[in-house]
Amino acid sequence: MAFQQELTRWYLANKRNLPWRHTQDPYVIWLSEIILQQTRVEQGLPYFNRFLEAYPAVSDFAAASETEILKLWQGLGYYSRGRNMLFTARQIMDLYDGVFPVSYKDLIKLKGVGEYTAAAISSFSSGEAKAVLDGNVFRVLARYFGISTPINSTAGKKQFSELAQSLIDQEDPALYNQAIMEFGALQCKPKSPDCEVCPLVLSCYAKNNKLIPVLPVKLKTVKVKTRYINYFICEQDNTVLVNKRILEDIWQHLYDFPRIETAAEAAVNHEEFTQEVKQKFGADVIIRPLMEMKHLLTHQIIYVQFFALDNYIVNFNMSTEANWVTWPDLDQLPQPKILTKFINFYFNK
DNA sequence: AATACGGGGAA
DNA sequence: TTCCCAGTATT
């Protein structure tokens, strides 16, 4: 039996029951696809349900505020996805009269929609025969056909893209796209795939040549950088000083506390650090260390220290928007995971 | 072509 | 620890 038929047969017998598979509504599919970018199904699922409940149609999404969207997005990461979605939702109301596009050609123009997502939405919502190419597809194709071109190289993307497009089932592209991705996610897993029960095992190049641990090949990527962020808790009349990250690197448009970033671990007995704090919060400031945390991102290791300040003066020019808010109000604002963790600990939750 | 952008789960 | 997840935008 052909590669495609084996995949769809396997899919029909083994697929998970996922909510976005019961619709052809391009808005709902868009919602699911953006949420699932670089995100496991189990992690994205609750977010999908909450978003769909809050915004049943693209018009509802477009009417929301950015803070609302980011608050719902909190904890999911890659926050530009949420901001781009709001931009796109509003654009669809304005330019497309609220009608969500379904063709690859139109979808690819939308902010936050790249080749993968345009192929996914167009095939699932309108049956357009555009092959999806995500991490799962790369892996299945690399192993089955024995392709060792690095998947994150320009040549590799071209080669895999052409192969994927040549394989897509013209009769039911949606079914085939779903099938190959689900197969990669559940069966042809990155580590220890279930080759014993694989319907394609006899014709799998990687399996026959002991290349399962080698394929797909991926070029070594970025060095992780280490940084040290020191947060200051300034309380006053049941409020705390918070800061909106406007032009910052990570966590754009989320809220955190005033901070000083240092080149190394900061310490209260370190002259340079205390001088910098005094420069910012006044010479009489008292610095009380609260706790240290380590926060891991894909590309950064962040050592975070929290300090409580007393006798401070807030007369400095904060580079970003600063506000006094109550703790319950801060809870309503979108914030980085590390802050949520700290606040929970701080209040002994 | 390379880098930035989160957070979590599996081995 | 290391890898990588239903990737995209920017440099």
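A, B, ... follow the sequence lines: proteins, then strands. Residue 1 opens every chain.
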Q | Taking every non-hydrogen atom, the tightest pair across Val277(A) and Phe232(A) | A |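 For Val277(A) versus Phe232(A), the nearest heavy atoms are CG2-CZ, 3.8 Å.
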
Side-chain N,O ([X]) to OP1/OP2 ([N]) below 4.0 Å:
| X | N | result |
| --- | --- | --- |
| Thr39(A) | dA6(C) | no |
| His299(A) | dG6(B) | no |
| Lys191(A) | dG9(B) | no |
| Arg139(A) | dC5(C) | yes |
| Trp251(A) | dG7(B) | yes |
| Gln37(A) | dC5(C) | no |

Scan [X] against the nucleic acid and name what it touches under 4.0 Å (heavy atoms): base, sugar-phosphate only, or nothing.
| X | result |
| --- | --- |
| Asn177(A) | nothing |
| Gly77(A) | base |
| Trp20(A) | base |
| Gln300(A) | sugar-phosphate |
| Arg83(A) | nothing |
| Gly44(A) | nothing |
| Lys111(A) | sugar-phosphate |
| Val113(A) | sugar-phosphate |
| Thr117(A) | sugar-phosphate |
| Gln252(A) | nothing |

Q | Remaining members of hydrophobic cluster (4.5 Å side-chain criterion), Ile108(A) | A | Tyr104(A)

How far does the [atom1] atom of [N] sit from the matching atom of [M], given to the nearest Å?
| N | M | atom1 | answer |
| --- | --- | --- | --- |
| dA11(B) | dA6(C) | P | 14 Å |
| dC5(C) | dC5(B) | C1' | 14 Å |
| dT10(C) | dG6(B) | P | 14 Å |
| dG9(B) | dT8(C) | C1' | 23 Å |

Given [options], the nucleotide with the shortest approach to the side chain of [X]:
| X | options | answer |
| --- | --- | --- |
| Gln38(A) | dT8(C), dG7(B), dC5(C) | dC5(C) |
| Leu297(A) | dA9(C), dG6(B), dG8(B) | dG6(B) |
| Met181(A) | dC3(C), dG6(B), dA6(C) | dA6(C) |
| Tyr78(A) | dA6(C), dG7(B), dG7(C) | dG7(C) |

Can you see whether [X] engages [Y] through a side-chain donor-acceptor pair at a distance of less than 3.5 angstrom?
| X | Y | value |
| --- | --- | --- |
| Lys278(A) | Gln275(A) | no |
| Ser125(A) | Asp25(A) | no |
| Tyr231(A) | Asp256(A) | yes |
| Arg81(A) | Gln37(A) | no |

Q.
Both Asn152(A) and Ser192(A) contact DNA chain B. Which one's nearest nucleotide lies toward the 5' end?
A.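 The 5'-side residue here is Asn152(A).
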
**Q.** Atom-pair distance (CD on Glu42(A); P on dG7(B)), nearest Å
**A.** 18 Å

